[in-house]
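What follows is one structure encoded as structure tokens, with my remarks underneath.
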Amino acid sequence: MISSAATFRQHQEILAIATQGKSLHNFTSKIQAVVQHSGVKTGLCTVFVRHTSASLIIQENADPDVLTDLAIFFAQLVPEDGRRYRHSTEGLDDMPAHIRSALTKTSEQIPIVNGRLGLGTWQGVFLWEHRQRPHQREVIIHVSGEV
């Protein structure tokens, strides 16, 4: 509950994240830095990736086998087979990247509790690069809440 003396603030930053090709990139600490910079103690952090061939997930941050298994599962679920898809203008991995992005998310909302992301002990926020080659991805972090 926001008290009558509370000050409400909104803060926004755009993070540039360089990917190394198809991989999961944990950038939780960068999001937390934006939350701390905002000064918000209680509120909501929205994370949004500005691309159609990359996505966001909140997932296990301790055992890398979880991320490996997810990548293997998605490779089997959405194979990079040029005979399956009409769209191939940007390469054989492009349409599968769009499908993988559609099956996951382009945004996440995370509560802010006592000035920190309200994630569980084993949760991290990952940018999932679905393309084979490295890219420069932009992620918008929007923080709003009580200071």
Side-chain angles (χ1 to χ4, degrees), residues 1-3 5-80 85 87 89-147:
M1 177 153 102
I2 297 177
S3 68
T7 302
F8 187 83
R9 177 177 292 164
Q10 294 194 59
H11 177 82
Q12 194 173 89
E13 291 184 31
I14 298 175
L15 300 178
I17 299 176
T19 68
Q20 302 304 311
K22 193 180 292 186
S23 62
L24 286 135
H25 179 79
N26 186 341
F27 69 113
T28 311
S29 62
K30 291 181 180 183
I31 301 168
Q32 181 57 48
V34 173
V35 170
Q36 286 181 290
H37 185 245
S38 75
V40 170
K41 300 299 178 199
T42 304
L44 192 61
C45 177
T46 301
V47 183
F48 176 77
V49 62
R50 300 175 80 170
H51 304 277
T52 60
S53 56
S55 60
L56 300 170
I57 62 170
I58 294 177
Q59 197 47 258
E60 166 87 40
N61 66 4
D63 184 353
D65 286 344
V66 171
L67 303 178
T68 300
D69 287 343
L70 279 170
I72 291 168
F73 176 81
F74 267 76
Q76 293 169 348
L77 182 66
V78 187
E80 291 178 9
Y85 314 108
H87 175 73
T89 309
E90 298 176 55
L92 296 179
D93 68 335
D94 190 41
M95 191 60 218
H98 290 302
I99 294 169
R100 291 174 185 150
S101 179
L103 292 173
T104 51
K105 294 181 179 180
T106 55
S107 67
E108 292 283 359
Q109 291 189 323
I110 306 160
I112 299 168
V113 182
N114 297 322
R116 300 202 46 83
L117 293 170
L119 294 168
T121 302
W122 307 114
Q123 289 182 315
V125 183
F126 294 83
L127 173 68
W128 197 344
E129 176 61 66
H130 298 298
R131 298 296 305 273
Q132 292 287 350
R133 66 178 180 81
H135 282 80
Q136 185 77 9
R137 300 300 192 177
E138 288 186 348
V139 178
I140 300 172
I141 311 298
H142 184 93
V143 180
S144 59
E146 178 183 338
V147 180

Next item on the list: Find out whether V139 and F48 are in side-chain contact, i.e. whether some heavy atom of one side chain is under 4.5 Å from a heavy atom of the other.
Entry: no
Notebook entry, point to check: Taking atom CD1 of I99 and atom OG of S53, what is their separation to the nearest 0.5 Å?
Noted result: 12.0 Å
Next item on the list: For side-chain contact (heavy atoms from CB on, under 4.5 Å), just list the numbers for V49 and I17, CA-CA rounded to whole Å, side-chain angles, deciding distance to a tenth of an Å, and then say yes or no.
Entry: CA-CA 10 Å; V49 62; I17 299 176; over 6 Å; no
Notebook entry, point to check: Salt bridge between E80 and R131, side-chain N to carboxylate O under 4.0 Å?
Noted result: no
Margin query: Quick check: closest heavy atoms across N26 and T28, and the distance to 0.1 Å?
Written below: OD1-OG1, 2.7 Å
Notebook entry, point to check: Measuring from E108:CD to L117:CG, what's the distance to the nearest 0.5 Å?
Noted result: 11.5 Å
Next item on the list: Provide the full list of salt bridge (Lys or Arg N to Asp or Glu O under 4.0 Å) pairs with a residue in residues 29-55, sequence neighbours left out, each pair given once.
Entry: R50-E138
Check: Between E129 and H25, is any side-chain donor less than 3.5 angstrom from a side-chain acceptor?
Finding: no
Notebook entry, point to check: Is any side-chain heavy atom of F27 closer than 4.5 Å to a side-chain heavy atom of V47?
Noted result: yes
Note to self: One pair to check against side-chain contact (heavy atoms from CB on, under 4.5 Å): V40 and H11. What are the steps and the verdict?
What the structure shows: CA-CA 9 Å; V40 170; H11 177 82; 5.7 Å; no
Checklist line | side-chain contact (heavy atoms from CB on, under 4.5 Å) evaluation trace for T19 with L127 | finding: CA-CA 9 Å; T19 68; L127 173 68; 3.8 Å; yes
Next item on the list: Check the surroundings of atom CG in N114: do more than 12 heavy atoms from other residues, nucleotides or ligands lie under 6.0 Å from it?
Entry: no
Checklist line | S55: side-chain contact (heavy atoms from CB on, under 4.5 Å) partners, not counting sequence neighbours | finding: S101, T104, W128, H130
Note to self: When you measure from the side chain of T68 to the backbone of P64, do you find a donor-acceptor pair of N or O atoms at a distance under 3.5 Å?
What the structure shows: yes
Next item on the list: Check whether any side-chain heavy atom of E60 lies under 4.5 Å from a side-chain heavy atom of Q123, and answer yes or no.
Entry: no
Check: Any idea which heavy atoms bring Q109 and T46 closest together, and the distance?
Finding: NE2-OG1, 3.5 Å
Next item on the list: Mind checking the CG-CZ spacing from L56 to R137? Nearest 0.5 Å is all I need.
Entry: 11.0 Å
Next item on the list: Supply the atom-to-atom distance L119 CG to C45 SG, rounded to the nearest 0.5 angstrom.
Entry: 9.0 Å
Next item on the list: Take Y85 and V78 through the side-chain contact (heavy atoms from CB on, under 4.5 Å) test and state the conclusion after the steps.
Entry: CA-CA 11 Å; Y85 314 108; V78 187; 3.6 Å; yes
Next item on the list: Could you tell me the separation between the CD atom of Q12 and the CD1 atom of I141, rounded to the nearest 0.5 Å?
Entry: 9.5 Å
Checklist line | Single hit among I31, V34, V35 for side-chain contact (heavy atoms from CB on, under 4.5 Å) with E13 | finding: V34
Check: Is the backbone N or O of I140 less than 3.5 Å from a side-chain atom of H142, with the two atoms forming a donor-acceptor pair by type?
Finding: no
Next item on the list: Can you see which heavy atom on Q32 is nearest to which on G115, and at what distance?
Entry: NE2-O, 3.2 Å
Notebook entry, point to check: Between T52 and H98, does a side chain to side chain donor-acceptor pair (under 3.5 Å) hold up when you go through it step by step?
Noted result: CA-CA 6 Å; T52 60; H98 290 302; 3.3 Å; yes
Notebook entry, point to check: Where the side chain of R9 meets the backbone of S144, is there a donor-acceptor pair that is under 3.5 Å apart?
Noted result: no
Check: About how many Å separate CD of E90 and CZ of R133, when rounded to the nearest 0.5 Å?
Finding: 8.0 Å
Margin query: Can you confirm whether D94 sits close enough to T89 that some side-chain heavy atom of one is under 4.5 Å from a side-chain heavy atom of the other?
Written below: no
Check: Considering only heavy atoms from C-beta outward, does the side chain of K105 approach that of I57 to under 4.5 Å?
Finding: no
